[in-house]
Protein chains: 2
Amino acid sequence: MISTPPKKKLDRRQRRTRLMLSEALLSLIQEKAFSEITIQEITDRADLNRATFYLHYGTKEELLVDSLERQFDLLVQEIRGSRDFMNFWEGDVVAFRHVYENKTLFKALFNDISAGYIAFRIIDYIAEFSTEELLEHIPPNYQPPIPVEIISRHVAGSLFSLLIWWLRNDFPKTPEEMAGYIQEMCMMGTAGMLMEAGIEIINGQ
Amino acid sequence: MISTPPKKKLDRRQRRTRLMLSEALLSLIQEKAFSEITIQEITDRADLNRATFYLHYGTKEELLVDSLERQFDLLVQEIRGSRDFMNFWEGDVVAFRHVYENKTLFKALFNDISAGYIAFRIIDYIAEFSTEELLEHIPPNYQPPIPVEIISRHVAGSLFSLLIWWLRNDFPKTPEEMAGYIQEMCMMGTAGMLMEAGIEIINGQ
DNA sequence: GAACTTAATAGACATTTTGTTGACTAACGT
DNA sequence: ACGTTAGTCAACAAAATGTCTATTAAGTTC
């Protein structure tokens with residue numbers, strides 16, 4: 001669990017400054033790699049003094065995290081607004097649409113040699129390995145209902161995400177338990193568990 | 001699909017140089033944030049001239065990608081070595097053990113304000129939202145067979161991974177289709193599809 | 001093992017970026 | 001209206017970058 005830092009109410013000037021800095025960074029990141037962006041450039045575009053940056057953040061990375069937080073808060077707003085209760089499908093559709101509508105930003109974020117690229121690379125590495133494994137064992141004439149590439153990404157994403165969770169939480173379970181959970185969830189899905197709890201699954205399609 | 005660049009056979013000196021640089025970077029990353037590491041420091045630790053770095057890489061980021069590739073190749077070796085055929089469970093156990101054994105490196109990689117942190121942050125953001133949704137609808141006395149935190153991470157990882165895949169592949173499906181796939185895979189699992197293809201699932205537990 | 005080819009070195013260079021300072025002024029909250 | 005504090009401006013030393021040349025040493029090829 002991430003402890004949200006105790007956020008004191010900010011001055012209107014401070015809120016404005018941080019917003020300007022965030023907008024400047026997210027705008028710049030669509031033009032060049034994150035690592036190539038200088039603090040000078042950010043403050044220039046935000047039309048703020050460079051010293052002001054240091055009043056709020058220590059590094060570009062801190063600003064990036066803050067900026068993304070803003071971006072995702074917007075997304076959550078969208079999802080909360082337009083969902084049927086417990087209709088996960090609808091929420092996911094909104095997420096995909098949101099990414100599409102902000103595709104320039106998101107593409108930039110995960111583009112080669114930018115902020116999110118490493119994660120993409122790792123997941124892709126796992127997924128390619130997984131695809132290879134699957135293809136070895138699927139009869140060449142068999143056409144699965146969901147493309148193999150997508151199944152691989154699903155499994156790879158789950159594995160990646162749980163590896164990090166496990167790592168950042170100081171290994172609360174054994175590797176065998178973790179692998180068991182993944183096996184169970186990927187193979188059998190989670191519907192069984194949820195329905196056992198009396199949750200009704202709504203399929204929005 | 002990532003196109004592997006046409007790798008020409010490297011000189012023994014070049015191989016050595018790149019290996020030294022990779023080791024230096026992965027060693028440094030365990031001591032300080034990636035963004036704080038300078039090229040000077042990397043070459044110092046590798047005991048190479050700074051100019052040599054530029055003979056191989058343009059930026060720190062390029063070196064990082066290359067270094068991680070090495071690291072993951074090792075992992076794949078491990079998995080290929082010690083697996084029963086089609087026993088996904090066994091492979092995942094090896095992955096978790098590998099991360100544990102290299103925990104200092106991996107922790108560093110996903111630590112605050114380092115290379116992989118952004119991805120972790122995004123997944124965590126999605127997962128917290130997902131946890132919240134689940135908890136709202138699970139009866140307080142119900143104890144699910146898999147911890148809710150873990151289910152959330154599973155779903156969040158899948159969503160994250162597929163969002164990026166979809167984005168980087170220029171939106172080959174509609175948002176509705178993508179959400180449908182996720183719904184299907186998360187809820188019902190993938191075993192059905194695989195068994196339909198004649199694949200025998202082995203549970204290693 | 002000799003001959004060619006090229007990677008790595010060393011030192012130097014101008015340039016850019018960084019992080020921090022202190023005095024000033026403009027905007028904020030109560 | 002007042003006291004407080006965020007943002008500005010200019011300046012600064014220190015550090016890091018990227019590129020260059022000439023030289024040395026190690027590789028590859030035959």
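The analysis underlying the following values was restricted to heavy atoms, covering all of them including side chains, and did not include hydrogens, waters or symmetry mates. Just so we're on the same page: letters track the sequence lines, and every chain starts at 1.
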Trainee: Would you kindly check if the NZ (Lys) or CZ (Arg) of K173(A) is within the cone defined by 45 degrees around the ring axis of Y181(A) and under 6.0 Å from the six-membered ring centre?
Mentor: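 The answer is no, since K173(A) fails at least one limit relative to Y181(A).
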Trainee: Let me know, please, whether R50(B) or D47(B) comes out on the 5' side of the other along DNA chain C by nearest nucleotide.
Mentor: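 Residue closer to the 5' terminus by nearest nucleotide: D47(B).
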Trainee: What N/O pairs connect the protein and nucleotides 21-28 of chain C at under 3.5 Å? Give each pair on its own line.
Mentor:
from: dA27(C); atom 1: N3; to: R13(A); atom 2: NH1; distance (Å): 3.1
from: dC28(C); atom 1: OP1; to: R12(A); atom 2: NH1; distance (Å): 3.3
from: dC28(C); atom 1: O3'; to: D11(A); atom 2: OD1; distance (Å): 3.4

Trainee: Does any donor atom in the side chain of D66(B) or Y57(B) lie under 3.5 Å from an acceptor atom in the other side chain?
Mentor: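 The criterion, which ignores hydrogens and geometry beyond distance, is satisfied for Y57(B) and D66(B).
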Trainee: Rounding to an integer number of Å, can you tell me how far F34(A) CZ sits from dT17(C) C1'?
Mentor: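 After rounding, the reported distance stands at 15 Å.
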Trainee: Can you tell me how the ring of F72(B) sits relative to the ring of F106(B), calling it parallel under 30°, perpendicular over 60° and tilted otherwise?
Mentor: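 Aromatic pair F72(B)/F106(B) classed tilted.
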Trainee: How many whole angstroms separate atom CG of D44(B) from atom C1' of dA10(C)?
Mentor: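 Rounded to whole Å, this separation is 14 Å.
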Trainee: Could you check how far CD of E62(A) sits from P of dG19(C), rounded to whole Å?
Mentor: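 The answer, rounded to whole Å, is 11 Å.
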Trainee: Looking only at the side chain of Y54(A) (C-beta and beyond, no hydrogens), which of the listed nucleotides dA10(C), dA8(C), dG19(C) gets closest?
Mentor: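 Of the candidates, dG19(C) comes closest.
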Trainee: Tell me the interatomic distance from Q40(A), atom CD, to dT15(C), atom C1', rounded to whole angstroms.
Mentor: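 These atoms are roughly 14 Å apart.
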Trainee: Using a 3.5 Å distance criterion without hydrogens, assess whether the side chain of S114(B) forms a donor-acceptor pair with backbone atoms of N111(B).
Mentor: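 Pair absent, no side-chain N/O of S114(B) close to backbone of N111(B).
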Trainee: Expressed as a whole number of angstroms, how long is the span from Q14(B):CD to dT5(C):P?
Mentor: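 So the CD-P distance, Q14(B) to dT5(C), works out to 17 Å.
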Trainee: I'd like to know whether the aromatic ring centres of F120(B) and F110(B) sit less than 6.0 Å apart in this structure.
Mentor: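 No, the ring of F120(B) stays outside the 6.0 Å limit from the ring of F110(B), centre to centre.
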Trainee: Output yes when at least one side-chain N/O atom of H56(B) is less than 4.0 Å from OP1 or OP2 of dA8(C), else no.
Mentor: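 It does, given that an N or O in the side chain of H56(B) lies less than 4.0 Å from OP1 or OP2 of dA8(C).
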Trainee: Go through DNA chain D in 5' to 3' direction and return only the first and the last nucleotide with some atom under 4.0 Å of chain A's heavy atoms.
Mentor: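 Footprint of chain A along DNA chain D, 5' to 3': dT5(D) to dA11(D).
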Trainee: Heavy atoms, side chains only, cut-off 4.5 Å: are M185(B) and L162(B) in contact?
Mentor: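 Side-chain contact under 4.5 Å: yes.
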Trainee: Salt bridge or not between R50(B) and D44(B)? Use side-chain N to carboxylate O under 4.0 Å.
Mentor: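 Between D44(B) and R50(B) there is no salt bridge, as every charged N stays at least 4.0 Å from the carboxylate O atoms.
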Trainee: Using a 3.5 Å distance criterion without hydrogens, assess whether the side chain of S22(B) forms a donor-acceptor pair with backbone atoms of R18(B).
Mentor: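 Looks like yes, one N/O pair under 3.5 Å.
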Trainee: Can any side-chain N or O of K107(B) pair as donor or acceptor with the backbone N or O of L167(A) at less than 3.5 Å?
Mentor: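 Confirmed, K107(B) side chain pairs with L167(A) backbone.
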Trainee: Starting at the 5' end of DNA chain D, which residue's closest nucleotide do you reach first, E36(B) or R15(B)?
Mentor: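 Nearest nucleotide further toward 5': that of E36(B).
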Trainee: Whole angstroms only, please: what is the CG-P distance between L48(B) and dG11(C)?
Mentor: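 Spelled out: CG on L48(B) to P on dG11(C) is 15 Å.
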